[in-house]
2 protein chains.
Amino acid sequence: MANQLSVARFKAQAQVFKALAHPGRLLMLDELSRGERCVCDLAALVGSEMPTVSRHLSVLRNAGIVDDDKRGAQVFYRLVTPCVMDFFRCVSSVRRKARP
Amino acid sequence: MANQLSVARFKAQAQVFKALAHPGRLLMLDELSRGERCVCDLAALVGSEMPTVSRHLSVLRNAGIVDDDKRGAQVFYRLVTPCVMDFFRCVSSVRRKARP
DNA sequence: GGAAGTCTTAGCTATATGGCGAAATATTTC
DNA sequence: GAAATATTTCGCCATATAGCTAAGACTTCC
């Protein structure tokens, strides 16, 4: 059986993948790859209610993928680790091999 | 609001991330990166019952990440898209920026 | 300071996911 | 062909996730 150290490491890594495992969150990340956006912008983009979007953003923030910056009444989110976007190329190649 | 095409694309991508969003499955993928393994090997590795492991493997197979090869009474799984392993480096850098 | 705008938190419900044991299926061995 | 081995599928329960509305907190505008 695997040792505890690697189990803990994979548990932490799984958290990051879990944060990426939602279409709406990927859509928001794609948008954030072109610059910071406020919550209202992202809510309009994905077409969900603001509380829902706020929750999604907190998931991404807790995973260390985005960061927030409150300016006035608005909160702007931005991508912390742009390498996340590089995943998509590989994911596309995975998808081409997926069975329906 | 986002167009339907990109929504569909992100939905498919999210499926791949969802398949990666489990510590046990990451552990198995790490093992498979060193060569093909039968289900019983992987079950011993993660320390779960075989039905559980078999289910995890079918998730990975449906996502296009692994493929199976039945030889005799055993079924061997192997990594189809090794680029998946490259994710881990980036994920590590994400984790270092995550808030606890 | 009250109204309007922006965002988050809380409470609720519905659905998805993960684990197990039991049962079904396929293969080898005797 | 019966017993043993390897794997998958099924049925069950417990927990996690996602969406909503309502309510709370903060900022700006008048």
Side-chain angles (χ1 to χ4, degrees), chain A residues 1-2 7-8 10-29 31-32 36-63 65-78 98-99, chain B residues 1-2 7-8 10-29 31-32 36-63 65-78 98-99:
Chain A
M1 193 158 81
V7 170
F10 288 122
K11 206 166 176 176
Q13 289 186 328
Q15 270 309 115
V16 176
F17 285 120
K18 215 179 273 190
L20 295 171
H22 188 283
R25 292 199 287 263
L26 293 181
L27 182 55
M28 292 193 264
L29 288 176
E31 181 69 14
L32 291 175
E36 64 173 19
R37 298 284 186 273
C38 67
V39 181
C40 54
D41 284 344
L42 296 170
L45 177 74
V46 303
S48 299
E49 296 301 317
M50 211 179 294
T52 301
V53 171
S54 178
R55 227 153 134 57
H56 282 311
L57 288 166
S58 78
V59 170
L60 292 171
R61 178 166 21 84
N62 290 334
I65 299 169
V66 302
D67 204 355
D68 61 342
D69 181 22
K70 181 162 190 173
R71 292 203 297 273
Q74 289 177 309
V75 179
F76 290 89
Y77 281 84
R78 62 189 168 76
R99 296 179 187 179
Chain B
M1 193 157 81
V7 169
F10 287 123
K11 206 165 177 178
Q13 289 187 328
Q15 271 309 115
V16 176
F17 285 121
K18 215 178 275 188
L20 295 171
H22 189 283
R25 291 198 288 261
L26 294 181
L27 181 56
M28 291 193 264
L29 288 176
E31 181 69 13
L32 290 176
E36 63 173 19
R37 299 285 187 273
C38 67
V39 180
C40 55
D41 285 345
L42 296 170
L45 178 75
V46 305
S48 299
E49 295 303 316
M50 213 180 294
T52 301
V53 172
S54 178
R55 227 156 135 55
H56 283 312
L57 288 167
S58 77
V59 170
L60 292 171
R61 179 165 20 84
N62 290 334
I65 298 167
V66 303
D67 203 355
D68 60 343
D69 180 22
K70 182 160 190 173
R71 292 203 296 275
Q74 288 178 309
V75 178
F76 291 88
Y77 282 83
R78 62 189 168 77
R99 295 178 185 178

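Labels below follow one simple rule: chain letters A, B, ... track the order of the sequence lines, proteins then strands, and each chain is numbered from 1.
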**Item:** Row check, A/Tyr77 ring normal vs A/Arg61 NZ/CZ: under 6.0 Å, within 45°
**Value:** no
For [X] against [Y], the heavy-atom pair lying closest together:
| X | Y | value |
| --- | --- | --- |
| A/Leu45 | A/Glu31 | CD2-CB, 3.6 Å |
| B/Gln74 | B/Cys38 | NE2-SG, 3.7 Å |
| B/Ala63 | B/Val16 | O-CG2, 4.2 Å |
| A/Met50 | A/Val39 | CG-CG1, 3.6 Å |

**Asked** How long is the gap from CG on A/Leu57 to CG on A/Leu42, to the nearest 0.5 Å?
**Response** 5.5 Å
**Asked** Just how far is it from atom NE2 of A/His56 to atom CG of A/Leu26, taken to the nearest 0.5 Å?
**Response** 10.5 Å
**Complete:** Result for 5'-nearest mapping on DNA chain D, choosing between B/Val53 and A/Arg71, is B/Val53
**Message:** Under 4.0 Å, counting only non-hydrogen atoms across every strand here, what does A/Phe76 touch: a base, just sugar-phosphate, or nothing?
**Reply:** nothing
**Asked** How does protein contact run along nucleotides 15-20 of chain D, one letter per nucleotide 5' to 3', with B for base contact, S for sugar-phosphate only, - for none, heavy atoms under 4.0 Å?
**Response** --SSSB
**Fill in**
chain B reaches DNA chain C, atoms under 4.0 Å from its heavy atoms, from C/dT17 to C/dT28
**Message:** Given 3.5 Å as the limit, does a donor-acceptor pair link the side chain of A/Arg25 with the main chain of A/Ala19, or not?
**Reply:** yes
